[in-house]
Amino acid sequence: MSKEIYENPDLKKERQNCPFNKEEITHLLDGGKEKTIERKQLENYILSDEQLKDAVPMEYLSHADKYAEELRKACLLMHKLADSPAGQVPTLRALMGAGLGSAVLKEGNPLALHYVMFIPALMGQGTIDQQAKWLEKAYNLNMIGTYAQTELGHGTFLRGLETRATYDPKTQEFILESPSLTAYKWWPGSLGKTANYAVVMAQLYTKGKCEGTHPFMVQLRDEETHEPLPGIVNMWLNPVCISSYIHYGTYVKPTNSKLSYATMVFVRVVVCQDVTTNLRKAVTIATRYSCVRRQSELKPGDREPQVMDYQAQQNKLLPPLAATFAFQLAADHLWNLYHTANNNIEQGDLELLPDLHGLSCALKALCSSEAANFVEVCRQSCGGHGYMSCSNFPRIYGQVTAAETYEGENTVLWLQVARYLVKTRKEQSGGLSVKYLIGEEKGPKTVDTTLEGIVKLYRRAAVGLVDVAIAELDKSGRKGEAPHDAWNHAAVYLIKAAQAHARLFVVESFVDSLKEGKLSAPVRTVLSQLCELFIIYWLLERSGDFFLCSNLTKQDLLLLNSKYVELLAAIRPQAVNLVDSFDLRDEVLNSPLGCWDGNVYQRLFDEAAKSPLNQSNVHESFHKYLKPLLKSNL
Ligand SMILES: CCCCCCCC/C=C\C/C=C/C(=O)SCCNC(=O)CCNC(=O)[C@H](O)C(C)(C)COP(=O)(O)OP(=O)(O)OC[C@H]1O[C@@H](n2cnc3c(N)ncnc32)[C@H](O)[C@@H]1OP(=O)(O)O
Ligand SMILES: Cc1cc2nc3c(=O)[nH]c(=O)nc-3n(C[C@H](O)[C@H](O)[C@H](O)COP(=O)(O)OP(=O)(O)OC[C@H]3O[C@@H](n4cnc5c(N)ncnc54)[C@H](O)[C@@H]3O)c2cc1C
C-alpha cells in the first residue's frame, strides 16, 4: 500500500484553489520550460547520489574535517560532471552557488573560485596563446586556481596593492614579491590548502616605472606533492603576466587601464543572482513556517491563528517575497547588458564599459545589502526556531552578508556609482542605464499614485538626488575646497544618489518585465500586485528622498500606505503558492522550518537528536568539571 505522504493541514489548505499556474512562474524564473526540465533532471542526478549526503551534520565536525568532507564531495561532483544530463556549463553554474550546490556543499565549494574567478580571469584577460596553454588544463582540472588580489593591508584600494612584479629584461622574467607583511595575499578563497595556481594582481614595474596593477599567473604548489614551491611565502618566482603588455621589453598601455578589473565586474553580475537565490530560500523557509506556526490569540476565544495572518508578519515577509522577483528580473537585465558590453569589448568597443561598471556596482551593492536585511527579517519572523543552526538562516545570512563585502565593499561601490552618475549628469552623456538622466521627467510635478506615477517619482528622486549631490560638490568648490575634499564631504549625498539610481533600475526592470512578458492573466495579476507592493514599500521606507525631490504630500503618503496594507491582504492568500513556485527542493532549503510538507516539529526534534551531545544522558564533562564543582561547597 503506498505510504500516505504527510502534508501539514494548514499548508494543504493554503495550496487549495491556487488561482494561477505555479509552473508558469517556475518556468519564468528558470528561463523557460526546457530549463526547468533540465534543472529538475540535474537535481535528481545529483541529490540521488548517496555518497553526496552528510553522515553527520556539518556543524558537528571540526574545521579540518569540514574542509576534508567538503573537498571529498566537491571532487566527487566534478567526477559526476562528465555524465551530467544538463551538460557541463549549466551543471557547473548550478553547483557553484546558493542553489543546488549548497544542498551538497553546505560550508561552501572549495573549487568555486577556480570556476567563478580563475577561469573567467583567463578568459577575459589572457592572450590567445595563454588561453591555449592554460584554459584546457584548467577545464580538465589539471590545475586548481584562485584569484589572489586582496592583501592584509589592502582590499579596496587596488592602486595601493603592495605586491610587486618587476620585469627583468635580461631573463625576460617577472619577479613577484610581497615586500611587507601587509602585502601578503589574504582572503583569496582556496588559497590556503586547495589551489596550486593563482591569478595574482600585482603592481607591474618595468624600467623602474610602476605601470599599475596587472594580473599574473603564478604556480603556488608542486603539481605532484602539493607542497608550496620554494620561497612561495614572501618571494614568488616565475609568474607570467596575463594578457601581457610587455612586448620585447617595452610596456604597451592597454586600451583601458581598467580592463584588468574586468573579472570583478563579471562576479558582481553573478553575485546579484546568487544573493537572490539565497533570499528565495530564506523567504520560502519563513513563509511556509509562518503558515504552519500558530501562536497567540487574534480573535478572543478563537483558535491560535497562523502567524502569517498577522499584518505585522505579512509586512515582514511579503516585501522580501516581492524583492525576489524584482532582483531576479533586474539581474537578468544586467546579465544581458554584461553580454552586450563584453561582446563589444572583444571587438575593441569600450563605450558600454562605464555603464556596465556603474550598473554592476549599483546592483551588487543594492541586492546584497537589501537581501542581507531581508534574510535577517525572515530569520526573526521565525522566532526561536529561526535562530537554530538547523534552520539554515545563520548559513544563508553568512553567505549573503559576505556578498556585501567581497567583490568590492558596498560603500566603495556606491561611491563608484556616484562618480559615474555625477560625470554622466554633468556631461549629459551616459548610455543604457542612465537614460532618464538625459530625458528627465519634464512637466508638472504633480503626483499620481498609479504604478506609472510612482515610477515617475522614482525617476525624479534618482535625478534630483544626483543634482543635490552636485550642488553640494559645487558649494564646496565655491568655498575653495579641493575636489577630493569636496567629494569626501558630499559622501552622504553621493551614496543616497547612487542608491536611488540602483532602486530605479530595479523598479523599471520589474515594471518593464511585466509589460513585455508573455504572462497569463492570473500570473500577471499576482506579479503586478507584488510589483506594486514592492515599489510602494521602498517609497515608504525612503520617503525622505521623495519629499526632497518631488511634490509628494502627506496625503499622498497616507494614500500609498493604505494601498500598501491593502496589497498585503490581497497577496497573503497566495504567499505559499508563490514560494512553491520557486520549486526549491527540501535538500536545497536544508531547513526543518521550510520543508514542503510542513512537518516542522518532528523534523526539528529529529535534527536535535543528531547532536553528539544527545547521544548520551550524561556527558563525560560532568564527571570532570561539574561534579567536582558541585561537591566543592564554594
Ligand atoms: C555562480 C555562483 C557564484 C557564487 C557567488 C560568487 C562567490 C565568490 C566568492 C568570493 C569571491 C570574492 C572575490 C573577491 O572579493 S576579489 C577582490 C574584489 N575586490 C574589489 O572589488 C576591489 C574594489 N576596489 C576597486 O574596484 C577599485 O579600487 C575602485 C574601483 C574602488 C577604485 O579603483 P581606482 O583605480 O582607484 O579607480 P578610480 O576610482 O580612480 O576610477 C578610475 C576610473 O576607472 C573606472 N573604473 C574603476 N573600476 C572599474 C571597473 N571595474 N570597470 C570599469 N571601469 C572601472 C572608474 O569608473 C573611473 O572612470 P572615470 O570616472 O571615467 O575616470
Ligand atoms: C567571504 C569573503 C571572500 C573573499 N574572497 C576573496 C578572494 O577570493 N580573492 C580576493 O582577492 N579577495 C577576497 N575577499 C576580500 C574582499 O575582496 C575584500 O575584503 C573587500 O574588497 C574589502 O576590502 P577590505 O577588506 O580591504 O576592506 P576596506 O576597504 O579596508 O574597508 C574597511 C572600511 O573602509 C571603508 N572604505 C574603504 N575605502 C573607502 C573609500 N574610498 N571611501 C569611503 N570608505 C572607504 C569601507 O567602506 C569599509 O567601511 C573576500 C572577502 C570575503 C569577506
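The first residue of the sequence shown is numbered 1, and numbering continues consecutively from there. Whatever order the structure lists them in is the order used to number ligands and atoms, beginning at 1.
- When heavy-atom distances to ligand 1 are checked against a 4.0 Å cut-off, Val265 comes that close only through its side chain, counted from C-beta outward.
- Within a 4.0 Å radius of atom 34 (O) of ligand 2, the protein has no heavy atom.
- Checked options Ile119, Val199, Val200; the residue passing with Tyr147 is Val199 (criterion: side chain to side chain contact (heavy atoms under 4.5 Å, CB included)).
- When heavy-atom distances to ligand 1 are checked against a 4.0 Å cut-off, Gln416 comes that close only through its side chain, counted from C-beta outward.
- Residue Met264 touches ligand 1 through its side chain alone, judged by heavy-atom distances below 4.0 Å.
- Between Arg268 and ligand 1, an N or O atom pair is found at a separation short of 3.5 Å.
- With a heavy-atom cut-off of 4.0 Å, Val412 touches ligand 1 through its side chain alone.
- For atom 19 (O) of ligand 2, the closest heavy atom belonging to the protein is Thr405 CG2, 3.7 Å.
- Distances below 4.0 Å separate heavy atoms of Leu415 from the following atoms of ligand 2: 42 (N), 43 (C).
- With 3.5 Å as the limit, one finds no donor-acceptor pair spanning the side chains of Thr277 and Asp274.
- The single protein non-hydrogen atom nearest to atom 36 (N) of ligand 2 is Val412 CG2, 4.0 Å, given as residue, atom name and distance.
- At least one N or O atom of Thr150 sits closer than 3.5 Å to an N or O atom of ligand 2.
- For the pair Gly189 and ligand 2, the shortest N or O to N or O distance falls below 3.5 Å.
- Nearest heavy-atom pair, Glu151 versus Glu162, reported as atom, atom and distance to 0.1 Å: OE1-N, 2.8 Å.
- Proximity of a side-chain donor or acceptor of His154 to a complementary backbone N or O of Thr150 within less than 3.5 Å is not detected.
- Within a 4.0 Å radius of atom 2 (C) of ligand 2, the protein contributes at least one heavy atom.
- Ion pairing of Arg395 with Glu107 is present here, as a side-chain N (NZ or NE/NH1/NH2) and a carboxylate O approach within less than 4.0 Å.
- Side-chain contact check for Tyr115 and Asn109: no donor-acceptor pair (N or O, by modelled atom type) lies under 3.5 Å.
- When non-hydrogen atoms are compared, ligand 2 lies under 4.0 Å from neither the backbone nor the side chain of Thr146.
- The closest side-chain donor-acceptor pair between Asn590 and Lys281, if any, does not fall under 3.5 angstrom.
- Proximity annotation for atom 22 (C) of ligand 2: of Asn488, Thr156, Leu113, Thr156 comes nearest, heavy atoms only.
- In plain terms, the two heavy atoms of Ser369 and Glu404 that are nearest each other are CA-OE2, 3.3 Å.
- The protein atom (non-hydrogen) at minimum distance from atom 44 (N) of ligand 2 is Thr411 CG2, 4.3 Å.
- Below 4.0 Å from some heavy atom of Thr156 lie the following atoms of ligand 1, by number and element: 22 (C), 23 (C), 24 (N), 25 (C), 27 (C), 28 (O).
- For atom 47 (O) of ligand 2, the nearest protein heavy atom (residue, atom name, distance) is Glu409 OE1, 2.6 Å.
- When only modelled atom types and interatomic distance are considered, Ser84 and Thr91 share a side-chain donor-acceptor pair under 3.5 Å.
- Regarding atom 26 (O) of ligand 2, its nearest protein heavy-atom neighbour is Gly155 N, 2.9 Å.
- For the ligand labelled ligand 1, residue Gly155 lies inside the 4.0 Å heavy-atom shell.
- A donor-acceptor contact closer than 3.5 angstrom is absent between the side chains of Gln203 and Arg159.
- Close approach to Met117 involves these atoms of ligand 1, each under 4.0 Å from a residue heavy atom: 11 (C), 13 (C), 16 (S).
- Between Arg503 and Glu370 there is no salt bridge, since no side-chain N of the basic residue sits under 4.0 Å from a carboxylate O of the acidic one.
- The distance criterion of under 3.5 Å between nitrogen or oxygen atoms is not met by Thr150 with respect to ligand 1.
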Criterion salt bridge (charged side-chain N to carboxylate O under 4.0 Å, His left out) on Lys209 and Glu211, from CA distance to verdict: CA-CA 6 Å; Lys209 182 171 179 268; Glu211 298 291 358; 3.2 Å; yes
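- With a 4.0 Å heavy-atom cut-off, ligand 1 is reached by the side chain of Arg419 but not by its N, CA, C or O.
- Close contacts between ligand 1 and Gln149 involve ligand atoms 17 (C), 18 (C), 19 (N), 20 (C), 22 (C) [criterion: under 4.0 Å to a heavy atom].
- Close approach to Gln149 involves these atoms of ligand 2, each under 4.0 Å from a residue heavy atom: 11 (O).
- His357 and Gln416 share a donor-acceptor pair across their side chains, judged by distance under 3.5 Å alone.
- Between His357, Arg93, His154, it is His357 that holds the heavy atom closest to atom 52 (N) of ligand 1.
- For the pair Lys80 and Tyr45, the cation sits on the ring face: its NZ or CZ lies under 6.0 Å from the ring centre, inside 45° of the axis.
- Of the N or O atoms in Arg159, one or more lie within a sub-3.5 Å distance of an N or O in ligand 1.
- The pair Lys73-Glu70 meets the salt-bridge criterion, since a charged nitrogen lies less than 4.0 angstrom from a carboxylate oxygen.
- The closest non-hydrogen atom to atom 13 (C) of ligand 2, taken over Tyr147, Trp414, Trp187, Tyr406, comes from Trp187.
- The atoms of ligand 1 that sit less than 4.0 Å from any heavy atom of Gly97 are 2 (C).
- Looking at Arg39 and Glu43, a side-chain N of the basic residue comes within less than 4.0 Å of a carboxylate O on the acidic one, giving a salt bridge.
- Listed by atom number, the atoms of ligand 1 under 4.0 Å from Val270 heavy atoms are 1 (C), 2 (C), 3 (C).
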